Enquirer: 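To start, I am sharing the structure in question, which I have written as structure tokens.
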Amino acid sequence: MTIRFSVNGVGFELPDSRGQDTLLDFLHEELNLTGTKLCCGIGVCRACTVQVVKPPSPAPVPTISCSTALATLDGTQVSTIESVARNGRPGPVQQAFLDGFAFQCGYCAPGFVMAARLFLSGLRAQPVPPDQLEAAMMDAIGSHICRCTGYVRYFDALRPLAEAVNAGEAIEL
Amino acid sequence: MSAPPVSRAAPMSRRGFLRTASGIIGLSVLGLPGRGQGADVGVPAPLGPVPGVAAQRIEGLAKVTGEKVYARDFRARDMAGWPDHQWHALFLRARTTQEAFLGLDLSSLPSGATPTRVVLGSDLEPGFFDAPVEFRRDLHIDALLSARAEEQRKTAKVGSFNLPDGLSFDLLVRPGTTPNFLGQAVALLLFDSLATYRAARRFLAGDDGIVQRYGPGDGPDGTPLPEQPFDPRTLYVKDPDFDYAGTDAETYAREAPQVQARIREALDAATGLIRQPIRAEMRAMDPMFMEPEAGLAWIDPARKEMQLVLGTQSPDGDVRNIASMFGSKASPVRDLSQVTLHSCYPGGGFGGRDSSPFSLMLALAVAFAEGNPVRLAYDRFEQFRVGLKRHATVAQGTLYAHADMRLEAVRLNMVFDGGGRRNLSPYVASLGALCAGGSYRLPVADIHAEALHTENISGGSQRGFGGPQAYFAIETALDDLAAAQGWDPMALRRANLIAEGDTTVTGGPIEQSLNLSEMLDIAEAHPLWAERAAIRAGHEAEGRTYGTGLAMSLQAYGTSGDGMVAAVHLERDGTLTVQSDAVDMGNGSATTLGVTIGPILGANAARVEMGGYTLFAQTGLSDDSANHQRWSDPMWTQKGTGSSSACLTGLHQVNTVQQTAQALLRGSLLVGAAKLWGRGPLSADEVVWEAGALRPAGGGGAPLTLATLARAVHEMGLPTGALGHAYFQNVWAEADFDTPGGALHLQLDGLAYYRGSKTAPLPIPRRNGRYPAPETQRYSRYVWAPCVNVVGLTLDRASGRVQIENVLSVLNAGHIHVPEMVSGQSQGGVAMAIGYSLLEDMPPGMAGPADGRWNLNRYHVARAGDVPLGDRYVPGARAQELITIPQPEGSKRVGRGIAEAVMCSIPPAISNALRDATGVRFASLPITPEKILGELAP
Ligand code: FES
Ligand code: FES
């Protein structure tokens with residue numbers, strides 16, 4: 001038996017014996033993709049968030065890579081922070097965080113970017129009443145830990161994008 | 001992924017060498033592997049086109065796209081010229097201080113988890129620790145230590161462990177002796193494969209004691225003994241006839257005890273004074289920066305060069321200490337000729353990476369890695385277990401006041417739990433002692449502060465540096481005094497505000513406008529305070545308990561003497577590069593320094609290179625303390641560079657970069673412009689920058705772009721870059737320098753000009769220098785970032801849970817370069833203060849993180865839901881509003897400290913709000929629901 005999955009569009013096939021390795025270690029050590037960050041390693045801080053599509057559901061979900069065993073990834077498509085910018089141009093969430101001075105040391109930023117993008121794509125698929133947008137943002141990124149910023153500027157940077165997407169504006173995430 | 005290109009070669013320099021027992025070792029600090037910090041990151045002009053305004057953080061794109069910028073991101077394969085194969089290091093840690101460590105029994109390790117090499121303390125020669133590893137910070141304390149060390153050198157026998165200001169205790173406990181503290185390393189395990197390393201980690205996770213043996217043996221080696229203070233302690237006694245600042249060190253040491261007795265006697269006898277007890281205690285706090293410490297090292301056998309990849313707040317001190325240790329006669333590395341640090345962006349710091357022992361542990365690991373690169377990467381459990389903490393502190397004393405609200409005296413004893421290693425603990429205690437005077441005029445003071453050596457995790461530099469503990473003690477006591485006397489807490493503070501012309505508890509004068517009264521006016525008029533009764537009534541009507549608390553702080557920044565160095569280059573293509581010895585740990589120093597040259601040179605920096613350790617050597621200056629000519633030698637300065645701490649950026653580094661930019665403008669660019677315009681000498685006020693070009697203020701010359709000017713100065717042989725060194729000790733050292741643009745008077749004590757090359761500038765000896773008076777060093781601090789905080793909170797009496805509803809911070813931040821970063825720093829300070837006050841609970845001893853089992857599931861930091869996310873006060877909503885005091889016209893474009901200033905007075909404001917809500921004083925941090933329920937139980 002093997003475990004098959006893709007990372008940023010590149011397919012991998014690994015022996016079952018690798019099943020207990022974590023996705024985060026695989027990204028770091030094997031693929032040299034170190035943009036996804038380790039902080040707690042036990043599933044609390046969400047710094048290590050990546051995006052995973054697990055068929056049959058086509059909807060990507062945020063996944064904490066430090067606590068995800070490779071064995072659970074068979075058949076999935078994983079996307080990491082390295083896949084977000086196109087030709088060196090930051091995606092809209094990244095740009096919003098840059099313009100809004102949302103992060104400081106930046107170590108938590110990749111996790112916030114991945115969660116925020118997924119939140120926006122979810123919002124596009126299923127808008128919420130405007131008075132519930134704030135609570136929806138809190139659901140999406142409220143459990144991510146950032147030690148530097150006090151969170152305010154992350155929310156401030158994301159809010160206009162969320163309002164636009166929620167209102168049906170076509171923004172390529 | 002391809003490896004980044006090879007790092008730039010280490011520039012050679014005089015200061016880049018250290019004389020050690022076994023010879024001379026070269027020292028270098030380079031930027032990120034592959035590039036300087038902030039250099040070539042992202043789009044060509046990341047700071048944006050508007051001079052003086054930052055469009056984004058200069059390194060922001062690299063961070064937000066997940067590029068390799070943190071030490072944790074690098075592996076040997078990423079390093080050009082290194083072997084690809086990498087070893088892994090793991091330290092086992094002491095689990096008791098009651099028995100001797102006898103050795104390891106690795107027989108239970110599963111096969112596949114066996115280390116390639118095991119190193120014990122007995123594998124190190126005792127003399128290895130003779131090296132003068134220094135944790136120094138503050139000139140007025142260092143002067144005392146130097147005098148004492150000199151004394152000891154004359155009298156003490158030279159052994160391994162008698163260094164008064166050194167490392168104090170072994171890096172690895174020697175088998176047969178008792179560990180000095182919990183978490184002290186007892187063994188180094190090295191693995192030549194990732195798989196074995198991981199297997200061993202998995203096996204040892206949660207309890208590395210299963211392979212350690214303990215039993216009867218020798219007691220702990222080294223000094224001080226448990227529960228004894230690290231040297232030195234701080235005592236500030238002040239009365240109208242005597243104080244620290246006004247007395248020379250020797251006389252002070254001799255007479256202070258008598259003055260202390262005199263003060264105590266007088267206070268005990270005074271009948272008309274109101275006495276308010278001070279009693280506060282605080283748990284240790286973990287800085288919990290998000291990136292656990294990690295690093296990479298390799299010894300290049302051909303060049304005998306130790307290379308390290310690290311994210312540190314003290315690159316200068318780290319390389320010197322490593323060179324010092326490994327240059328000792330007993331060093332496990334023979335003939336080391338060079339130590340090179342690749343300095344990465346720290347993933348958070350808050351002081352926790354300032355003089356952290358991590359760098360020494362990494363260097364120790366590579367010494368035994370048999371020529372292989374080695375990686376040392378703490379996980380979060382280890383980081384909690386051994387990372388530097390904010391000290392647990394107990395403060396006890398008395399405030400004395402007159403019936404008309406005037407404060408007469410403070411008596412306070414502060415005991416900081418320094419934990420295992422000395423580190424910067426005595427310096428933290430010392431600043432805590434200064435802060436204990438609060439923002440108030442106090443004619444009489446008797447303040448003692450010390451950091452004890454205990455078995456606990458080492459304390460170190462942390463945001464606020466002793467301030468949070470001191471302000472918590474003094475500001476809660478003031479509130480109790482007001483409550484006991486029926487005084488308005490605002491009025492009590494107002495009656496005692498310190499101002500220009502007054503003196504601090506050291507006796508040092510305040511020579512800076514603080515605007516405290518104006519700040520209180522703003523707070524008093526703000527609806528969060530003015531309408532507090534109505535707000536409370538509103539909450540109570542809905543069944544919630546509500547309270548309002550006020551506190552203020554006068555956080556000092558800088559140290560008792562700070563040296564800084566900066567370079568500004570005009571490249572051939574007309575772009576600007578700034579280099580600085582400072583480190584950007586996320587506080588935005590690189591961005592601030594990049595935009596601060598904008599108004600002077602017409603554009604923001606295209607590149608900012610931080611951590612420029614070798615810059616000082618290029619100035620041609622020396623800070624040799626044995627030079628008895630001192631300031632009369634035009635190439636001498638009091639201090640080269642110091643540890644890079646956030647609070648130096650706003651004032652110190654910014655002014656240094658600005659003065660250096662002025663030197664480039666006036667000493668070169670204006671000379672070139674005058675020639676191009678065919679005019680005589682130009683002064684800076686005869687020109688203006690407009691749309692990226694220089695033109696004569698009165699017209700009459702074609703606008704010159706920076707690209708044109710760059711071509712001109714490069715072709716005319718004029719300076720293409722300036723290098724400035726500055727020294728601040730109450731005032732700036734100032735001097736005249738002869739330049740191609742004539743004699744310039746600058747707030748610099750060293751200036752050199754580059755012509756083309758970026759490493760070999762020509763120094764210009766200063767003339768007509770004006771220097772800080774030596775005795776001002778004993779003021780301890782000179783510059784202040786005052787803050788007033790008002791907190792409104794609700795308490796759920798059933799659960800004991802507190803919710804911070806609103807925070808108002810009125811801050812005197814000086815000139816604000818990047819408003820977005822100031823508000824971000826402030827918000828970060830608010831969140832950290834909320835965590836410190838209410839959430840972050842860390843017991844000492846093996847009941848706490850020293851057991852290796854602590855992580856974020858047990859240690860709770862503030863999350864988004866814990867902080868008010870609005871940024872403008874609106875009745876009925878949660879917000880944190882920051883009001884900064886506008887700077888008077890004509891004041892300099894320099895800033896003050898931010899996050900530490902805001903965070904210092906929030907914990908007492910929270911406790912004061914809880915007292916307002918419940919009538920109960922919570923004087924022990926953190927104020928957990930359990931403590932609240934315990935106190936409020938019927
Ligand atoms: S690293 Fe904290 S959740 Fe994965
Ligand atoms: S920006 Fe440093 S942890 Fe979020």
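These figures come from a predicted structure and were not determined experimentally. Here is the naming used below: chain letters follow the sequence lines, and residue numbers restart at 1 for every chain.
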Enquirer: Counting only non-hydrogen atoms closer than 4.5 Å, does Phe384(B) touch chain A with its backbone (N, CA, C, O), its side chain (CB onward), both, or neither?
Expert: neither

Enquirer: Give me the atom names and distance for the closest heavy-atom approach of Phe350(B) to Cys148(A).
Expert: CZ-SG, 3.7 Å

Enquirer: To the closest 0.5 Å, what do you measure between SG (Cys146(A)) and CE (Met290(B))?
Expert: 6.5 Å

Enquirer: Any donor-acceptor pair under 3.5 Å linking the side chain of Gln94(A) with the backbone of Val64(B)?
Expert: yes

Enquirer: Under 4.5 Å between any side-chain heavy atoms of Gln825(B) and Gln104(A), yes or no?
Expert: yes

Enquirer: Heavy-atom pairs under 4.5 Å with chain A - which of Asn855(B), Val861(B), Ile834(B), Val867(B) has more of them than the others?
Expert: Asn855(B)

Enquirer: What part of Leu869(B) lies closer than 4.5 angstrom to a heavy atom of chain A: side chain, backbone, both or neither?
Expert: both

Enquirer: Given side-chain hydrogen bond (donor to acceptor under 3.5 Å, both in side chains), test Arg153(A) with Ser823(B) step by step and report yes or no.
Expert: CA-CA 9 Å; Arg153(A) 302 194 74 86; Ser823(B) 83; 2.4 Å; yes

Enquirer: Between the side chains of Arg198(B) and Asp25(A), is the shortest nitrogen-to-carboxylate-oxygen separation below 4.0 Å, so that they form an ion pair?
Expert: yes

Enquirer: Of the backbone (N, CA, C, O) and the side chain (C-beta and beyond), which part of Arg57(B) lies under 4.5 Å from a heavy atom of chain A, both, or neither?
Expert: both

Enquirer: Kindly say whether Tyr107(A) contributes a backbone atom to a donor-acceptor pair with the side chain of Lys63(B) at under 3.5 angstrom?
Expert: no

Enquirer: Less than 4.0 angstrom from a charged side-chain N to a carboxylate O is my criterion; do Arg147(A) and Glu840(B) meet it?
Expert: yes

Enquirer: Is it the side chain or the backbone of Asp871(B) that comes within 4.5 Å of chain A heavy atoms, both, or neither?
Expert: side chain

